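Everything below concerns the one structure shown next.
Along the sequence shown, residues are numbered consecutively beginning with 1. Numbering of ligands and ligand atoms starts at 1, following listing order. Everything numeric here is computed off the predicted structure, so don't read it as measured data. Only heavy atoms go into these numbers, but all of them, side chains included; no hydrogens, no water, no symmetry mates.
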Amino acid sequence: MPRSECLFCKIAAGQIPADVVHDGERVLAFRDISPQAPVHVLVIPKEHIASLAEAADGHGEILAEILLLARDLALAEGIAESGFRTVINAGRDGGQSVDHLHLHLLGGRSLRWPPG
Ligand code: 5GP
Ligand code: ZN
């Protein structure tokens, strides 16, 4: 799929609307369209990285930024104390449905383990 057709690239470019909670220079966070918990935010790099499996060693800084933003958003969303989960699905067996790296931030209810 060409990058110009990538759903999350389009959201990052403002071509498709999203409920944005953080718009940084290199990362974007927005609410999931089909929330699986009271808080369900997606954090993405604005740069197209197809999946964690496709990330390069040079992406270390942006991956750290995504994780630290998830920490900040957990605080802002009021789930830092009650607890939360961060998930990066990768590939078919990992359940990745959008081929642009994204981290799920989930919280606001008790989350079961192990996942299905
Ligand atoms: P994955 O299954 O790839 O780990 O997660 C993709 C997520 O993107 C799903 O939770 C899905 O609900 C969400 N999603 C798919 N399309 C859209 C969209 O157009 N807008 C938003 N905000 N979320 C989307
Ligand atoms: Zn993309």
Side-chain angles (χ1 to χ4, degrees):
M1 182 182 64
R3 288 177 187 201
S4 57
E5 294 300 313
C6 171
L7 176 63
F8 286 177
C9 279
K10 286 183 179 173
I11 287 178
Q15 292 165 0
I16 290 179
D19 186 355
V20 172
V21 295
H22 177 89
D23 189 354
E25 194 182 321
R26 298 196 301 180
V27 297
L28 185 77
F30 52 95
R31 297 193 193 282
D32 196 292
I33 205 166
S34 175
Q36 301 302 309
V39 175
H40 189 173
V41 172
L42 301 174
V43 185
I44 67 166
K46 288 188 172 178
E47 172 188 348
H48 181 85
I49 303 171
S51 81
L52 187 57
E54 303 283 322
D57 290 350
H59 287 129
E61 270 186 30
I62 200 150
L63 290 171
E65 197 174 329
I66 286 168
L67 210 49
L68 292 171
L69 178 58
R71 172 203 63 186
D72 291 346
L73 292 174
L75 200 62
E77 296 286 328
I79 55 171
E81 202 173 318
S82 53
F84 58 90
R85 185 171 295 168
T86 52
V87 176
I88 299 175
N89 296 322
R92 187 192 55 218
D93 282 357
Q96 184 178 5
S97 62
V98 177
D99 289 337
H100 180 127
L101 174 66
H102 50 282
L103 176 143
H104 297 257
L105 171 66
L106 296 147
R109 69 171 172 84
S110 179
L111 299 162
R112 287 180 301 277
W113 190 264

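Taking the Zn ion (ligand 2) as the corner point, the angle from Cys9 atom SG to Cys6 atom SG is about 120° (rounded to 10 degrees).
Taking only nitrogen or oxygen atoms, main chain and side chain alike, Leu7 does not reach within less than 3.5 Å of ligand 1. Distances between N or O atoms of Ser97 and those of ligand 1 include at least one value under 3.5 Å. Not a single N or O atom of Ala18, backbone or side chain, sits closer than 3.5 Å to an N or O atom of ligand 1.
With sequence neighbours left out, the side-chain contact (heavy atoms from CB on, under 4.5 Å) criterion links Leu111 to Arg85, Leu106, Arg109.
Minimum heavy-atom separation, Val21 to Glu77: CG1-OE2, 4.3 Å. Contact record, Arg31 with Val41: NH1-CG2, 3.9 Å, taken as the closest heavy-atom pair.
The N, O or S atom of His100 with the smallest distance to the Zn ion (ligand 2) is ND1. The Zn ion (ligand 2) is closest to atom ND1 of His48 (considering only N, O or S atoms).
Relative to atom 17 (C) of ligand 1, the option among Ile44, Ile33, Val98 with the closest non-hydrogen atom is Ile33. Nearest residue to atom 12 (O) of ligand 1 from Asp32, Ile16, Val41 is Asp32 (criterion: closest heavy atom).
Around atom CD of Gln15, more than 12 heavy atoms belonging to other residues, nucleotides or ligands sit under 6.0 Å away.
Put simply, CD1 on Ile88 and CG on Leu103 are 4.5 Å apart, with the number rounded to the nearest 0.5 Å.
Under the side-chain contact (heavy atoms from CB on, under 4.5 Å) rule, Pro45 has a single partner from His100, Arg26, His102, His59, which is His100.
Looking only at heavy atoms of the protein, atom 1 (P) of ligand 1 is closest to His102 NE2, 3.1 Å. Here the protein heavy atom with the shortest distance to atom 22 (N) of ligand 1 is Arg31 O, 2.9 Å.
Residue contacts with ligand 1, taken as heavy atom pairs separated by less than 4.0 Å, do not involve Asp19 at all.
In this structure, the side chain of Lys46 engages the main chain of Gly24 through a donor-acceptor pair within 3.5 Å.
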